[in-house]
Amino acid sequence: HGLMSTSEWTGVPLGTVVSEAGIKPDAAWVLAEGSDAAAMTRSLPLAEVMKEALLCYAQNGEALRPEQGYPVRLVIPGWEGNTCIKWLRRLKLGTAPFMTREETSRYTDLMPDGTARQFTFVMEAKSVITSPSGGQRIEPGFVEIRGLAWSGRGLVKMVEVSTDGGRTWQPAHLQEPVLPQCHTRFRFGWRWNGEEAILQSRCTDETGYVQPTKAVLVAARGVNSSYHYNAIQSWKMASDGKVTNVQV
């Protein structure tokens, strides 16, 4: 999803390729086009992608695998995965967004006031507890709550954990290394007494942005923003130890 900690990417800076090809002064957007059956394409602001975007041909020391976009994939650190076009076959420059199918019908959010929130690129701060998680069964006693947090805006500064559905929060331990635009592991030691519990985590990044509750997110953006949903995730632990997904 555009975050770099789990992979080592090898490629050529997009800015180098575009500059060598030549840029007209009025070029402001670049269209990245994939060769998959859906012809996934995204309009991207040229000035921003010239900074860090890579045209990648290898991952973790080997050529890209087919499912990762062989032979070339666009990777933009900190940006949503849908901007990191796989099976890249063409880059086209223009003076304005190209208004392709996906970016108008999928990644555009209709806001409560009727306006459209369009061209959302940077991944907002989010975290999720990976253990305990859905489908697991936990025994009473000491439980290490573990998970991942991330933010496209930079460093994860803090992760908090709640075992009572968000009524109270405690700081979790961040596992090194903590790097900008990377997945950050967190841990929290908890002694479960066997009573029903709701587990949650929330992330704060270095800009001060705090991962919102679902209610806060819906109040700000309505209910038509599922493609950019980063609200707090809840796991319910029943008294028999079974863990399930719940909405709180």
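Note: hydrogens, waters and symmetry copies are ignored here, and every other heavy atom, side chains too, is used. Quantities reported herein were computed from a predicted structural model and do not represent experimental measurements.
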CE on Met123 to CD1 on Ile76, rounded to 0.5 Å: 12.0 Å

Can you get from Val216 to Ile232 by hopping between Ile, Leu, Val, Met, Phe, Trp and Tyr side chains that sit under 4.5 Å apart? no

Which atom pair, heavy atoms only, marks the closest approach of Arg202 to Val210? CD-CG1, 4.4 Å

Exceeds 12 heavy-atom contacts within 6.0 angstrom, atom CD of Glu20: no

Just by modelled atom types, is the Ala231 backbone N or O under 3.5 Å from a matching donor or acceptor in the Gln211 side chain? yes

Of Lys86, Arg89, Lys92, which meets salt bridge (Lys or Arg N to Asp or Glu O under 4.0 Å) against Glu33? Arg89

Between Ser43 and Met99, does the side-chain contact (heavy atoms from CB on, under 4.5 Å) criterion hold? Intermediate values first, please. CA-CA 7 Å; Ser43 298; Met99 308 304 284; over 6 Å; no

Among side-chain atoms of Arg65 and Gln59, is any donor-acceptor pair under 3.5 angstrom? no

Any chance the side chains of Asn82 and Glu103 put a donor and an acceptor closer than 3.5 Å? no

Same hydrophobic cluster for Trp29 and Leu88, using side-chain heavy-atom links shorter than 4.5 Å among ILVMFWY? yes

Can you tell if the side chain of Leu64 reaches within under 4.5 Å of the side chain of Trp9, non-hydrogen atoms only? yes

Taking ILVMFWY side chains as joined if any heavy atoms are under 4.5 angstrom apart, and letting links pass through other members, which residues group with Ile145? Ile129, Ile138, Val143, Leu155, Val156, Val159, Val161, Leu174, Val178, Phe186, Phe188, Trp190, Trp192, Leu199, Trp235, Met237, Val243

Might you point out which heavy atoms bring Phe98 and Val30 nearest each other, and give the distance in Å? CE1-C, 4.2 Å

Would you give the length of the straight line joining atom SG of Cys56 to atom CG of Leu14, rounded to the nearest 0.5 angstrom? 10.5 Å

Scan Arg191, Arg185, Arg187 and name whichever one has a salt bridge (Lys or Arg N to Asp or Glu O under 4.0 Å) with Glu144. Arg187

Hey, are Gln200 and Ser234 close enough side-chain-wise for a donor-acceptor pair under 3.5 Å? yes

With a 4.5 Å heavy-atom cut-off, do Arg167 and Ser162 have their side chains touching? no

Determine, using the 4.5 Å side-chain heavy-atom cutoff (strictly less than), whether Val17 and Val49 are members of one ILVMFWY cluster. yes

Arg90 CZ to Ser35 OG distance, which is reported to the nearest 0.5 Å: 11.5 Å

If you measure from OG1 on Thr16 to CE on Met50, what distance do you get to the nearest 0.5 Å? 8.0 Å

Applying ring-ring contact (aromatic ring centres under 6.0 Å, His included) to Trp87 and not counting sequence neighbours gives none

Would you say the side chain of Pro212 lies within less than 4.5 Å of the side chain of Asn230, judging by non-hydrogen atoms? yes

Looking only at non-hydrogen atoms, find the nearest pair between Arg221 and His228 and report the distance. NH1-O, 3.9 Å

Provide the closest heavy-atom pair for Ala116 versus Thr108 in the form atom of the first, atom of the second, distance. CB-CG2, 3.7 Å

Could you identify which residues cluster with Ile198, counting Ile, Leu, Val, Met, Phe, Trp and Tyr as linked when any side-chain heavy atoms lie under 4.5 Å apart, either directly or through a chain of such contacts? Val246, Val248

Let me confirm one number: the CD-SG distance from Glu124 to Cys203, rounded to the nearest 0.5 Å. 11.5 Å

Do NZ/NE/NH1/NH2 and the carboxylate oxygens of Glu102 and Arg42 come within less than 4.0 Å? no

Determine the minimum heavy-atom distance between Ala125 and Tyr209, stating which atoms define it. CB-CD2, 3.6 Å

Residue pair Val128 / Trp150, side-chain heavy-atom distance below 4.5 Å: yes

Assess whether salt bridge (charged side-chain N to carboxylate O under 4.0 Å, His left out) is satisfied between Glu80 and Arg106, documenting all intermediate values. CA-CA 13 Å; Glu80 295 181 359; Arg106 294 289 185 269; over 6 Å; no

Pairing residues for Thr115 by the side-chain contact (heavy atoms from CB on, under 4.5 Å) criterion, not counting sequence neighbours: Met111, Asp113

Test of understanding: with side-chain contact (heavy atoms from CB on, under 4.5 Å), list the residues that count as partners of Tyr57, not counting sequence neighbours. Thr10, Val12

Under 4.5 Å between side-chain heavy atoms, counting indirect links through other Ile/Leu/Val/Met/Phe/Trp/Tyr residues: same cluster for Leu74 and Val122 or not? yes

Going from CD on Glu8 to CD on Glu62, what distance comes out if it is rounded to the nearest 0.5 angstrom? 11.5 Å

Examine Leu91 and Leu44 and state if one hydrophobic cluster contains both, with Ile, Leu, Val, Met, Phe, Trp and Tyr joined whenever side-chain heavy atoms are less than 4.5 Å apart. yes

List the residues meeting ring-ring contact (aromatic ring centres under 6.0 Å, His included) with Tyr227, not counting sequence neighbours, and say none if there are none. Tyr107

Measuring only between side-chain heavy atoms, which start at C-beta, is Thr41 closer than 4.5 Å to Arg101? no

Between Glu206 and Gly154, which heavy-atom pair has the shortest distance, and what is it? OE2-CA, 3.2 Å

